[in-house]
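Please read the structure below before turning to the comments.
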Amino acid sequence: MSKVVILGSSNAIPTKDHENTHMVIVGEERVLLVDSVSNPILRLEQAGVDFNDLTDIIITHFHPDHASGIPLLLMDMWLMGRKRPLNIYGLHYTLDRVETLMGLYNWSEWPNFFPVVFYRIPANEMSPVLDCPDFTVHASPVHHMIPNIGLRINFKQSQRSMSYSCDTEPCDEVVRLSEGVDVLIHEATGESVGHTSAKQAGEIARKAEVGSLYLIHYPTGKFAKGDLVAEACTTFPGCVALANDFMVLDFDKASCVENPATVTLAINSHITYGTGELK
Ligand SMILES: [Zn+2]
């Protein structure tokens, strides 16, 4: 079992139906949270994933809409009596600040706190992050206002793959990171410093020759404008869809996603992952 659940799809300003962008990757052995926003246990619970089953967390960068949920998540795990270690991965810049943030909460004095192991990722292209029986994760630096990483995940059993640009201007690092993936999840905040438009995301998808493009981290609610999917379709000939909260991408299927919207609807109807399945 390898699936990715989108827990939030909004840019920095969330709305009721669109939380800040973050996602969870659920395998047989490992459950990996990518970014920790607000209090992530709420979205995880709604997605049927017990937050205590998390084994690993990647913090892409130290902006509040990606990292501010760390203290609450760790505190809630501690209050629920967690004993087993938790791995947290990020760039030096990011993890130095996460540790400082936790220091402000005096976490070293929280009694019987479970082990948290920090893994600092070098700021090199395709740096190995995680290799487990379900999947491998590699990271590459991308172009944002502060140090940030995009991710590539290869699912071992199905030989399928996805990449996630995170917050970035259009850049060759994401093209190389995404080369030939089945699914590219690319931000579409809009053309601005450190960000990308839907049209530009389509160009990246075309250059990387990906199977399908999912747009994420886009303006929602009253800030939403235009038809982002149509914009991306002007530059990318493959399937394009908007990532939405609680959308599930099933990477067990060997074939490429032919019609993301249809597959999403079908998969959404059977979100069955529960704590009992975790080994
Ligand atoms: Zn962001």
Side-chain angles (χ1 to χ4, degrees), residues 4-25 32-40 42-44 57-73 88-98 101 121 123 129 137 139-153 162-171 173-174 177-178 183-201 204-205 213-226 228 231-232 242-247:
V4 177
V5 185
I6 304 297
L7 299 172
S9 53
S10 172
N11 66 359
I13 304 162
T15 51
K16 185 169 62 67
D17 299 321
H18 296 274
E19 180 55 282
N20 290 148
T21 295
H22 63 311
M23 62 193 78
V24 65
I25 297 155
L32 165 66
L33 182 69
V34 177
D35 287 336
S36 179
V37 316
S38 302
N39 188 339
L42 300 177
R43 274 291 202 262
L44 285 165
I57 301 174
I58 294 174
I59 303 295
T60 57
H61 64 299
F62 198 72
H63 271 160
D65 58 322
H66 296 262
S68 63
I70 280 283
L72 260 176
L73 177 60
I88 302 183
Y89 312 80
L91 295 168
H92 287 258
Y93 179 97
T94 308
L95 295 190
D96 289 351
R97 284 156 180 77
V98 168
L101 177 64
I121 305 167
V129 179
V137 183
S140 289
V142 294
H143 294 209
H144 196 46
M145 296 150 207
I146 59 170
N148 190 9
I149 46 173
L151 303 172
R152 179 182 179 120
I153 296 139
M162 66 157 267
S163 60
Y164 168 45
S165 68
C166 201
D167 295 16
T168 185
E169 291 174 11
C171 65
E173 285 85 345
V174 173
L177 182 74
S178 308
V183 173
L184 165 62
I185 302 176
H186 202 293
E187 75 122 294
T189 307
E191 193 171 347
S192 57
V193 176
H195 290 292
T196 299
S197 69
K199 189 178 167 195
Q200 291 171 321
I204 298 291
L213 169 64
Y214 288 79
L215 301 171
I216 202 165
H217 203 280
Y218 49 84
T220 61
K222 64 181 180 182
F223 302 103
K225 48 181 176 239
L228 298 181
E231 269 184 50
L242 274 189
N244 277 303
D245 294 30
F246 302 115
M247 192 181 81

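Atom set for the values below is all heavy atoms of this structure, side chains included, hydrogens, waters and symmetry mates excluded. Whatever order the structure lists ligands and atoms in, that order sets their numbers, starting from 1.
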*In Asp65, what N, O or S atom is nearest to the Zn ion (ligand 1), if we give its atom name?*
OD2

Within less than 2.8 Å of the Zn ion (ligand 1), any N, O or S from [X]?
X      : result
Asp167 : yes
His66  : yes
His61  : no

*Just by modelled atom types, is the Gly194 backbone N or O under 3.5 Å from a matching donor or acceptor in the His144 side chain?*
yes

*When you measure from the side chain of Glu187 to the backbone N and O of Thr168, does any donor-acceptor pair fall under 3.5 Å?*
yes

_With Ile149, the side chain to side chain contact (heavy atoms under 4.5 Å, CB included) member among Leu177, Val142, Ile121_ = Ile121

_Is any side-chain heavy atom of Tyr218 closer than 4.5 Å to one of Ser9?_
yes

